[in-house]
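See structure below.
Order of the sequence lines sets the chain letters (A, B, ...), proteins ahead of strands, with each chain counted from 1.
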There are 2 protein chains.
Amino acid sequence: MVTIKQVAEKANVSTATVSRVINGNYPVSEKVKNKVIETIKELGYRPNSIARSLKCNKTYMVGMVVPDISNNYFMDIARGVESVISPLGYSLIFCSTDENTDKELRLLNALNDKRVDYVLLASSTQEDHKLQKFINQGMNIIMIDTSLENLQTDSVVEDNYNATYKLISYVIDQGHKRIGAVNGLLSVSTAKERYNGFCKALEDHDISLEQSYIVNGAYNRKKSYEEVKLMIQRNMNKLPTVLFAANNDMAEGAMIALKEMNLKIPDDISLVSFGDINLAELIEPRLTIISQNAVLIGQKAGELMLKKVSGNSENNITKVTIPSEIIIRNSVKSI
Amino acid sequence: MVTIKQVAEKANVSTATVSRVINGNYPVSEKVKNKVIETIKELGYRPNSIARSLKCNKTYMVGMVVPDISNNYFMDIARGVESVISPLGYSLIFCSTDENTDKELRLLNALNDKRVDYVLLASSTQEDHKLQKFINQGMNIIMIDTSLENLQTDSVVEDNYNATYKLISYVIDQGHKRIGAVNGLLSVSTAKERYNGFCKALEDHDISLEQSYIVNGAYNRKKSYEEVKLMIQRNMNKLPTVLFAANNDMAEGAMIALKEMNLKIPDDISLVSFGDINLAELIEPRLTIISQNAVLIGQKAGELMLKKVSGNSENNITKVTIPSEIIIRNSVKSI
DNA sequence: GTGAAAGCGCTAACAA
DNA sequence: TTGTTAGCGCTTTCAC
């Protein structure tokens, strides 16, 4: 690999001058500049980012930590982020925690060692003090999707509570009284907020919460599939009339379970979901859902990061909440 | 951020000694070692990877360049790679080219500047000489999914030609004679190979190739949707009896188009695909496909990379071909 | 407008 | 077994 020194020697200038030409931050005479540029081309020289990073304390790398790399929702967020930051020369390092707190912490350490400029974190831990440590060490973190109450940091999240409240209220308006839920990991803020919105909607409409209808799908398609099956089996004599899945993966798991048990949606049981399933266009019935704008979340997070690193922002904490809207299709029966 | 120097001062040793303790590559007395370890903990010291990288010429970063970050197929490959390399301390940098040669080249340059240890490249360009330049510069590249004939580099690919040949032969055995195809970008090796297998199967069974049934879906769901619609419209009086989609995305696009035009699979038209669609469990009819093992491709690529960087491999070029199998379900009508 | 030189944080000869 | 030191490739201050 050719270095700045080689360029300098060949062009008969100092390394400082070459550096100035590359960065264009100090005056260089036209003549010298041209010569240097020519030499750079001739030698095919490209500056070593590692050396630059060491010197300038800036890596142009952003760590993105999510619970599940195979969930389209997070991939969409990633695309949103990438579209915003990549034009400014930033690269994304992707990490998947598999919803494991230890792994999450290990990954954050690794990213810290790598001196990434920023971390976008969809956390699945509730150990805010451990995250706080990273922040205290000077790590820049923006929480995405999830947030932790006691954590002093920027975040871009959805309006989980209100959106769920509205969706469940709609379901109740359709006459449903036996309402089940497939929850995500309640240790994660999104799952908790969604469930809270769910419960509040029931309460406000004087519908009783039937514990036997509530299952823990752990934000996991397979788990949801299994738990929904068990739930249906144990409630065969009195099934819920509608099910709320707290995310897309779990909605898919639930659909597969219902299909296997020959329960038709919405005739035998209705289903609604927070977030849209894959290939929604092809699957009957079309699900009534809360539509998430994952790409937008990514973009907002990217923009926020850019603003922060450019210093064009007051030092206060920014909390962005993306509104979600309900899309009514035909998976809820009117009773 | 605390540095090795601060640790050394506080522990009353030289930075060299601290380095030795961290890396455990040279003898250090128990006493000194313990003291250093203690100081490291006390100060919360963590080595700066950037500085290490500069010194050691090793970044523990792997660039992964794919045409489309939102396609599950590539995400699965990524998961496979990650599962293999992450335990050894490597991180993945993800890049999406959007099937754009310029962007691909730009990304490769950026990764080169970042001195990533390896690049896993699913290329969508055919400019092998430009890629060759990177290799000549000393960049380590493993081609995944795609490959370029004239390029001297390792690769992990599928058996596109033979798998397609078998699938189309099966379709012909079911009595089909009017056979259409939704091709990927024929500039990409996978698309070309699949189409070649397609053509050869027709030829060997004396079936004529009807150009009007062949469309270019550009490996793109939307394009496939549009092109299939047009193709159906212009062949209304004599439709193909079966369609072959060269990847999952395009199969989805084709399904949506057929559904919109009220053509039932397989009654009105049969459909087969290279690679499985999303949420296959829920979609009727179940598609007859060539099953791809994307995670396995990723793992193989990861393992190959690890072997190469450890030097435990002869310097020759390794070409891994993953066999694909046909999964017969019920999207092909027997005629 | 240009060059010399220090230094970012680390590792690895070499010396002791 | 330990310390001294050079140097990885770059940027930037300071002098000229």
(request) May I ask you to decide if A/I141's main-chain N or O and A/T153's side chain share a donor-acceptor pair within less than 3.5 Å? (result) yes

(request) Could you state the atom-to-atom distance from CG of A/N23 to C1' of C/dT2 in whole Å? (result) 16 Å

(request) Find the distance B/I4:CD1 to C/dA12:P and express it as a whole number of Å. (result) 11 Å

(message) Can a donor-acceptor pair be found, under 3.5 Å and without considering hydrogens, that links the side chain of B/T146 to the backbone of B/S189?
(response) no

(message) Given D/dG9, D/dT1, C/dG3, identify the nucleotide with an atom nearest to the side chain of A/T17.
(response) C/dG3

(message) Regarding B/K58 and B/D117, does a basic nitrogen lie under 4.0 Å from an acidic carboxylate oxygen?
(response) yes

(message) Using whole Å, what does the distance between atom P of nucleotide D/dC10 and atom CE of A/M1 come to?
(response) 10 Å

(message) At less than 3.5 Å, do the side-chain atoms of A/R20 and the base atoms of C/dG3 form a donor-acceptor pair?
(response) yes

(request) Using atom CG of A/N57 as one end and atom P of C/dG7 as the other, report the distance to the nearest whole Å. (result) 16 Å

(request) Looking only at side-chain atoms of B/A16, point me to the closest of D/dT2, D/dT11, D/dG3. (result) D/dG3

(message) Below the 4.0 Å mark, does C/dT2 have OP1 or OP2 next to a side-chain nitrogen or oxygen of A/S29?
(response) yes

(message) Keeping A/E104 on the side-chain end and A/S124 on the backbone end, is there a donor-acceptor pair under 3.5 Å?
(response) yes

(request) Output the single nucleotide from C/dA12, C/dA5, D/dG9 whose closest atom is nearest the side chain of A/N48. (result) D/dG9

(request) Rounded off to whole Å, could you give me the NZ-to-P distance for the B/K5 and D/dG3 pair? (result) 15 Å

(message) What is the distance, to the nearest angstrom, from the CD1 atom on A/I22 to the P atom on D/dT12?
(response) 12 Å

(request) Kindly indicate, with the supporting measurements, whether the criterion side chain to side chain donor-acceptor pair (under 3.5 Å) is fulfilled by B/K130 and B/T125. (result) CA-CA 9 Å; B/K130 291 196 178 154; B/T125 183; over 6 Å; no

(request) Using a cut-off of strictly less than 4.0 Å, decide whether B/T3 has a side-chain nitrogen or oxygen near OP1 or OP2 of C/dG9. (result) no

(request) Would you state whether a donor and an acceptor, one from the side chain of A/R52 and one from the base of D/dT12, lie under 3.5 Å apart? (result) no

(request) Round to a whole Å and report the spacing from CD of A/Q6 to C1' of D/dC8. (result) 13 Å

(message) I'd like to know if the side chain of B/S310 reaches the main chain of B/K307, judged simply by a donor and an acceptor atom lying under 3.5 Å from each other, with no hydrogens or angles considered.
(response) yes

(request) For B/A51 and for B/N25, find the nucleotide of DNA chain C with the closest heavy atom, then tell me which residue's nucleotide is more 5'. (result) B/A51

(message) Below the 4.0 Å mark, does D/dC14 have OP1 or OP2 next to a side-chain nitrogen or oxygen of A/Y26?
(response) no

(message) Just the rounded figure in Å: distance from P of D/dC10 to CG of B/L54.
(response) 9 Å

(message) Once hydrogens and angles are ignored, does a donor-acceptor distance under 3.5 Å link the base of C/dG9 to the side chain of B/K55?
(response) no

(message) Does C/dC10 have its OP1 or OP2 closer than 4.0 Å to a side-chain nitrogen or oxygen of B/S53?
(response) no

(message) Regarding A/S19, tell me which of base, sugar-phosphate or nothing describes its non-hydrogen contacts under 4.0 Å with the strands shown.
(response) base

(message) Closest-nucleotide mapping onto DNA chain D: is B/V28 or A/V18 further toward the 5' terminus? I mean the 5' end.
(response) B/V28

